[in-house]
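Below, chains carry the letters A, B, ... as their sequence lines are ordered, and counting in each starts from 1. If you're wondering where the values come from, they're calculated on a predicted model, not measured in any experiment. These values consider heavy atoms only, across backbone and side chains, with no hydrogens, waters or symmetry-generated copies.
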Protein chains: 2
Amino acid sequence: MPRVVDAEQRRQQLAEAVWRVIRRDGVTGASVRAVAREAGTSMGALRHWFATQDQLLSFAMTLVVERARDRITAVLRAGAPLRDQVLAVLEETLPLDDERRAEGEVWLALTARALVDADLAALRDRAATELSGLCAAVVDALAEAGELAEGVDAALEAERLYAVLDGLAVHAITRPSALPPARVREVLAAHLAELRDTR
Amino acid sequence: MPRVVDAEQRRQQLAEAVWRVIRRDGVTGASVRAVAREAGTSMGALRHWFATQDQLLSFAMTLVVERARDRITAVLRAGAPLRDQVLAVLEETLPLDDERRAEGEVWLALTARALVDADLAALRDRAATELSGLCAAVVDALAEAGELAEGVDAALEAERLYAVLDGLAVHAITRPSALPPARVREVLAAHLAELRDTR
DNA sequence: ACGAAATTAGCACAGTCGTGCTATCAACGA
DNA sequence: TCGTTGATAGCACGACTGTGCTAATTTCGT
């Protein structure tokens, strides 16, 4: 077998195999054997890169977060007008296409497991803090630009925006037919519009 | 062993054992043996009431939904003023105390499993339709009472309210320290207030 | 008090699980 | 070209899984 060019790249390949298995068979189905089979490799090879199953799942979740973060920073670099940029940034966290839908399903599955897995819970907390902070930053940016209605409690609005985001995400993931991407966009846009025009 | 007075009651006892195991060890830990041990009975007895594990988990989720529905109809029977009643009804779906928190944790765990379990998915869809309909009914009731701002898209507002609800639920369940019950109430109340006063 | 039915108990089977471990194979520096 | 290191392969072990199944026990109608 040819030596892998980049170790990190190999680990990502295996993590993506985890994603595929989780999407097909759930976290329950993400056994070491199943992931190795999905990745087209052996149990031994898998254990060479991840000593335990917990490490494997943790890395798979870390990768979900990193992918989303990368997309968001890419949008920020693009430097669109504030109102467009805000919408674009927030939409990167929603399951609006197949790629983000896959990440969302994995995120939901691992979030549930994090209720009883301390390592995953720590990862989830970091990610949640990050996303919560992003919502706060969005509200602050709108406020500074004078695009926010007066008398608005910024912290509370950030919390509400965060809830709308994850609520939409959960619904779009679990019931895509009842809440297609276009509808998700509509609701998010309406919420942002109200954030500006209200009171 | 004394004969159980009511068969349904016995099934609920066992389902509640499922809840306790899921809260402690996750859905993964909800094996037939573990549930039987938690319920203080035997595998055979458990299988007498639920032929398969899937039936057991399905019933446990059904019970979550029924408990919530019962609480909501109780609030509706109480017949408080509209604005108070709306808030009270919606709060019954949120994990604001230990009982509802437990239900929420089970709901989240089983929602995740429903991604790959057809039976659970059907249950989840029914429950989601119900809750989504409740949100629509709330918006309609406010509109009929003239408590809703003009020019508001009722269907879209129902969708947004539903997102806020489940977003708050997910956050309160996964990060209770970051979003304590009082804060959840605040955000929900603010959302309802804006629904009335806006534009 | 006796038989039928409801309920409980728990063994047996054929799997799958995570991980420890050794052996093999490929690649690269010397 | 040889030895070292990186990487893969897969067996072995003990524990756990869901379910089929039989036997024991308890309860209730009569």
Report summary line: Heavy-atom contacts, protein to nucleotides 19-24 of chain D, under 4.0 Å, summarised as B (base), S (sugar-phosphate only) or - (none) per nt, yield BBB---

Acceptor/donor pairs from residues 27-38 of chain B side chains to any protein atom, 3.5 angstrom cut, sequence neighbours excluded:
| from | atom 1 | to | atom 2 | distance (Å) |
| --- | --- | --- | --- | --- |
| Ser31(B) | OG | Ala34(B) | N | 3.1 |
| Glu38(B) | OE1 | Arg24(B) | NH2 | 2.3 |
| Glu38(B) | OE2 | Arg20(B) | NE | 2.6 |

Requested in this report: Find the distance Asp6(B):CG to dT27(D):P and express it as a whole number of Å.
Outcome: 17 Å

**Report entry** Atom-to-atom span, NE2 of His48(A) to P of dT19(C) - whole angstrom
**Finding:** 17 Å

Query raised in the report: So do the side chains of Leu110(B) and Asp117(B) get within less than 4.5 Å of each other, counting heavy atoms only?
Result: no

Query raised in the report: Which one, dT8(C), dT8(D), dA9(C), comes nearest to the side chain of Thr41(A)?
Result: dT8(D)

**Report entry** Heavy-atom closest contact (Asp25(B) atom, Val116(A) atom, distance)
**Finding:** C-CG1, 3.7 Å

Query raised in the report: What are the two closest heavy atoms between Ala154(A) and Val139(A), and how far apart are they?
Result: O-CG1, 3.8 Å

Query - Carboxylate-amine/guanidinium proximity below 4.0 Å for Arg160(B) and Glu194(A) - result: yes

Query raised in the report: Tyr162(B) vs His171(A) aromatic rings, parallel, tilted or perpendicular, using cut-offs 30° and 60°?
Result: parallel

Report task. Give, ordered by number, those residues of residues 111-123 of chain B having at least one heavy-atom distance below 4.0 Å to an atom of DNA chain C; if nothing qualifies, reply none. Result -> none

Query raised in the report: So Arg100(B) and Asp97(B), salt bridge (charged side-chain N to carboxylate O under 4.0 Å, His left out) or not? Walk me through it.
Result: CA-CA 5 Å; Arg100(B) 284 172 280 177; Asp97(B) 58 24; 3.0 Å; yes

Requested in this report: State whether Trp49(B) places a side-chain N or O below 4.0 Å from either non-bridging phosphate oxygen (OP1 or OP2) of dT8(C).
Outcome: yes

Query raised in the report: Under 4.0 Å between a side-chain N/O of Ser31(B) and OP1 or OP2 of dT17(D), yes or no?
Result: yes

**Report entry** 5' precedence on DNA chain C between Arg37(A) and Ala45(B) (nearest-nucleotide basis)
**Finding:** Ala45(B)

Requested in this report: Measure from the side-chain N and O atoms of Trp19(A) to the backbone N and O of Glu103(A), and report whether any donor-acceptor pair falls under 3.5 Å.
Outcome: no

